[in-house]
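Residues: numbered from 1 along the sequence shown.
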Amino acid sequence: MRKMKICIFVKGASNRGKTTTIVSLAKLIWPSVDIELMAKQPQEIRYCHPWNEAPVALCSKGDPGSNSLKWIKETAIELNHCEIIVAACRRGGSTQDPLLPYLQEKGYTITEVYPSMIKVPGNHQPDYKNLAQALAQQILYIMINRNTLLIEPK
């Protein structure tokens, strides 16, 4: 059975846990890889590596002007032929929207996940690291079950 290609966009406004989620996912799927070595900037990841017999790309740098579009096209898809791409992007879609036709042309199923934002009364802050780890677990579930959870593009 052919494995489905998927691109998972971690979407949200700035400072909502997109990078923290992708770093948590990297630690889950590549526990023996030094996360600091894969990051070009502290806590930012642009990295391709095999996982579960599939080439995977993680791109946590989704800010406008970050050249994520070019990196995903040239490095993740053309050079490494990644079957799974997990990329951060802003809620407005400036990273995602120009990439959608290209991903669809290459046969990717696109899905979106959103980091949790919890408003807590008073000055109490929720533990966003735990929320990001929970979302990373959900992304991992999608990755593992991508052939049964998602409908392949026609």
Side-chain angles (χ1 to χ4, degrees), residues 2-30 33 35 38-52 54-119 126 128-154:
R2 185 176 72 82
K3 292 286 188 181
M4 182 188 300
K5 293 191 290 187
I6 183 171
C7 181
I8 302 167
F9 286 106
V10 181
K11 291 186 78 170
S14 61
N15 298 314
R16 295 295 191 258
K18 299 180 299 292
T19 294
T20 305
T21 297
I22 292 173
V23 168
S24 294
L25 179 63
K27 290 176 182 178
L28 280 174
I29 64 175
W30 301 310
V33 173
I35 303 303
M38 75 171 71
K40 295 204 183 294
Q41 297 174 357
Q43 295 301 309
E44 293 291 349
I45 295 173
R46 281 190 182 159
Y47 190 67
C48 298
H49 195 72
W51 166 81
N52 204 20
V56 175
L58 299 184
C59 180
S60 69
K61 190 73 172 161
D63 298 333
S66 65
N67 292 321
S68 291
L69 298 170
K70 182 178 179 184
W71 186 87
I72 290 169
K73 282 182 177 181
E74 292 177 4
T75 304
I77 297 172
E78 299 299 334
L79 185 62
N80 290 287
H81 308 287
C82 290
E83 294 175 19
I84 301 169
I85 300 169
V86 180
C89 69
R90 292 282 178 92
R91 196 171 45 192
S94 62
T95 301
Q96 177 185 9
D97 293 350
L99 198 53
L100 288 177
Y102 183 77
L103 288 167
Q104 291 166 339
E105 174 188 313
K106 295 293 185 181
Y108 285 83
T109 298
I110 290 98
T111 192
E112 300 173 354
V113 297
Y114 298 85
S116 296
M117 278 305 297
I118 298 174
K119 297 191 184 234
Y128 287 109
K129 188 173 183 181
N130 284 339
L131 293 172
Q133 289 171 345
L135 183 56
Q137 287 282 348
Q138 292 174 343
I139 294 168
L140 180 60
Y141 180 81
I142 292 169
M143 290 167 60
I144 292 169
N145 297 290
R146 68 187 190 270
N147 284 343
T148 56
L149 288 175
L150 305 167
I151 298 171
E152 191 166 359
K154 301 207 182 313

[X]: side chain to side chain contact (heavy atoms under 4.5 Å, CB included) partners, not counting sequence neighbours:
{"X": "A57", "answer": "C48, W71, A76, C82, I85"}
{"X": "N52", "answer": "none"}
{"X": "K106", "answer": "K5, I77, E78, Y102, Y108"}
{"X": "H49", "answer": "W30, V33, Y47"}

Looking at [atom1] of [X] and [atom2] of [Y], how far apart are the two atoms once the value is rounded to the nearest 0.5 Å?
{"X": "K73", "Y": "L103", "atom1": "NZ", "atom2": "CG", "value": "9.0 Å"}
{"X": "T21", "Y": "K129", "atom1": "OG1", "atom2": "NZ", "value": "12.0 Å"}
{"X": "I84", "Y": "L25", "atom1": "CD1", "atom2": "CG", "value": "9.5 Å"}
{"X": "E83", "Y": "C7", "atom1": "CD", "atom2": "SG", "value": "13.5 Å"}
{"X": "Q104", "Y": "L99", "atom1": "CD", "atom2": "CG", "value": "9.5 Å"}

Answer yes or no: is there a side-chain heavy-atom contact under 4.5 Å between [X] and [Y]?
{"X": "R146", "Y": "T109", "result": "no"}
{"X": "M143", "Y": "I6", "result": "no"}
{"X": "W51", "Y": "I144", "result": "yes"}
{"X": "P115", "Y": "L131", "result": "no"}
{"X": "S60", "Y": "K18", "result": "no"}

If the condition is side chain to side chain donor-acceptor pair (under 3.5 Å), which residues does R16 pass it with, not counting sequence neighbours? none
Could you list the donor-acceptor pairs under 3.5 angstrom formed between side-chain atoms of residues 133-142 and any protein atom two or more places apart in sequence or on another chain?
none

Please report the closest heavy-atom contact between [X] and [Y], naming both atoms and the distance.
{"X": "A26", "Y": "L58", "value": "CB-CD1, 3.6 Å"}
{"X": "R90", "Y": "A13", "value": "CD-C, 4.2 Å"}
{"X": "R46", "Y": "N67", "value": "NH2-C, 3.7 Å"}

